[in-house]
Amino acid sequence: MQATKQHLAEFKHARLWYNEPYCALIVQASSQYLPMAEFVELFHKAEDYVRQYAVKKLIFDKTHMKVFHQPSIIWYHVYWKVEMAGLGLKKHRIILPDDRLFKEAIHLVKKKIIAEYPQFHLEDYDIKYVETLDQGLRE
């Protein structure tokens, strides 16, 4: 699978890749934290590629992350995902770090989104947590 990845963009704390056989955009965090300004810039750039390649699947690899900025994740779910769904991107695969506290924090932010943004429905999206990039591409 690695050979089919096309490098698209490099940021200070993340990279964007495209996998043509799976029509998948890969967002790979390369550091322990993504500041909100870069996070938003990264996903706006990702939107350009979603449009260019008619991307059907996004894989967000958070393996290297230790913490995240809660408002960034809320923006990603409530605004960015909704806009991308309008472009045909509804399949999301997430690779989390092997960190119990990080996973609990993700669960809490999802609960917050459900409580505070009733217009957003997580069940409208095909979201799965996977262990590896290959698994994310296949599922």
Side-chain angles (χ1 to χ4, degrees):
M1 302 286 166
Q2 300 298 335
T4 62
K5 284 192 333 187
Q6 175 187 352
H7 185 261
L8 299 175
E10 188 82 26
F11 292 81
K12 185 174 180 181
H13 303 283
R15 295 177 191 92
L16 285 172
W17 303 86
Y18 179 65
N19 181 287
E20 186 176 4
Y22 289 93
C23 198
L25 185 64
I26 301 157
V27 176
Q28 180 185 42
S30 56
S31 68
Q32 296 181 4
Y33 178 72
L34 283 168
M36 184 159 189
E38 183 175 333
F39 188 94
V40 171
E41 179 185 1
L42 169 71
F43 279 93
H44 280 308
K45 187 65 170 172
E47 178 181 347
D48 294 341
Y49 294 116
V50 170
R51 291 176 187 280
Q52 179 180 346
Y53 295 114
V55 170
K56 300 299 178 207
K57 180 188 290 186
L58 178 98
I59 300 170
F60 192 175
D61 182 352
K62 301 178 185 181
T63 306
H64 297 291
M65 294 180 73
K66 297 291 182 201
V67 296
F68 62 87
H69 182 246
Q70 191 178 74
S72 297
I73 297 299
I74 291 170
W75 173 84
Y76 162 73
H77 281 288
V78 177
Y79 300 102
W80 191 83
K81 275 187 180 178
V82 171
E83 190 170 331
M84 294 308 99
L87 299 175
L89 173 59
K90 285 191 165 189
K91 195 176 275 193
H92 299 267
R93 301 298 179 258
I94 298 121
I95 306 168
L96 295 176
D98 187 20
D99 180 332
R100 183 183 57 80
L101 292 176
F102 190 94
K103 291 174 183 176
E104 285 179 24
I106 291 289
H107 178 71
L108 291 174
V109 78
K110 283 170 63 175
K111 284 178 72 173
K112 179 180 177 115
I113 290 168
I114 291 166
E116 295 181 11
Y117 299 89
Q119 77 281 7
F120 179 77
H121 303 282
L122 281 169
E123 64 274 5
D124 290 346
Y125 301 86
D126 179 1
I127 303 170
K128 292 182 182 171
Y129 293 92
V130 296
E131 299 294 321
T132 65
L133 177 58
D134 285 345
Q135 182 186 6
L137 289 168
R138 286 191 314 271
E139 290 191 17

For F102 against L96, the heavy-atom pair lying closest together: CE2-CD2, 3.8 Å
Exercise: do E47 and W80 side chains pair donor with acceptor under 3.5 Å: no
Value rounded to 0.5 Å, distance of CD in Q28 from NZ in K5: 5.5 Å
Side chain to side chain contact (heavy atoms under 4.5 Å, CB included) assessment of Y76 paired with V109: CA-CA 12 Å; Y76 162 73; V109 78; over 6 Å; no
Contact summary for R93 and D126, nearest pair of heavy atoms: NH1-O, 3.0 Å
Over 12 foreign heavy atoms within 6.0 Å of NZ, K103: yes
Exercise: identify the closest heavy-atom pair between K81 and Y125: O-CE2, 3.7 Å
Over all atoms of both residues, closest heavy-atom pair of Y49 and L25: CB-CD1, 4.1 Å
Name of the residue among I26, D61, N19 meeting side chain to side chain contact (heavy atoms under 4.5 Å, CB included) with L133: I26
F43/L34 under side chain to side chain contact (heavy atoms under 4.5 Å, CB included): CA gap, chis, key distance, verdict: CA-CA 11 Å; F43 279 93; L34 283 168; 5.6 Å; no
Nearest heavy atoms of I95 and T132, plus distance in Å: CD1-C, 3.6 Å
Within 6.0 Å of OH in Y79, more than 12 heavy atoms from elsewhere: no
Chi angles and distances behind the side chain to side chain contact (heavy atoms under 4.5 Å, CB included) call for K112, Y117: CA-CA 8 Å; K112 179 180 177 115; Y117 299 89; 5.7 Å; no
L122 side, atom CG; H77 side, atom NE2 - distance, nearest 0.5 Å: 6.5 Å
Q135 CD to K128 NZ distance, which is reported to the nearest 0.5 Å: 9.5 Å
Neighbour count >12 (heavy atoms, 6.0 Å) for atom CD, E131: no
Nearest-0.5 Å distance that lies between atom CG in D98 and atom CZ in R100: 11.5 Å
For the student: nearest non-hydrogen atoms of S30 and K12, plus distance: OG-O, 4.1 Å
Aromatic plane relationship, W75 with F39 - under 30° parallel, 30 to 60° tilted, over 60° perpendicular: perpendicular
Over 12 non-hydrogen atoms of neighbours within 6.0 angstrom of CD in E104: yes
Single hit among K57, K56, K91 for side chain to side chain contact (heavy atoms under 4.5 Å, CB included) with C23: K56
Spacing of M36 atom CE and I73 atom CD1 [to the nearest 0.5 Å]: 9.5 Å
R15/E10 under side chain to side chain contact (heavy atoms under 4.5 Å, CB included): CA gap, chis, key distance, verdict: CA-CA 5 Å; R15 295 177 191 92; E10 188 82 26; 3.2 Å; yes
Point-to-point distance, once rounded to the nearest 0.5 Å, from CD of Q6 to CH2 of W17: 10.0 Å
Neighbour count >12 (heavy atoms, 6.0 Å) for atom NE2, H7: yes
Close side-chain approach of K62 to I106, heavy-atom, < 4.5 Å: yes
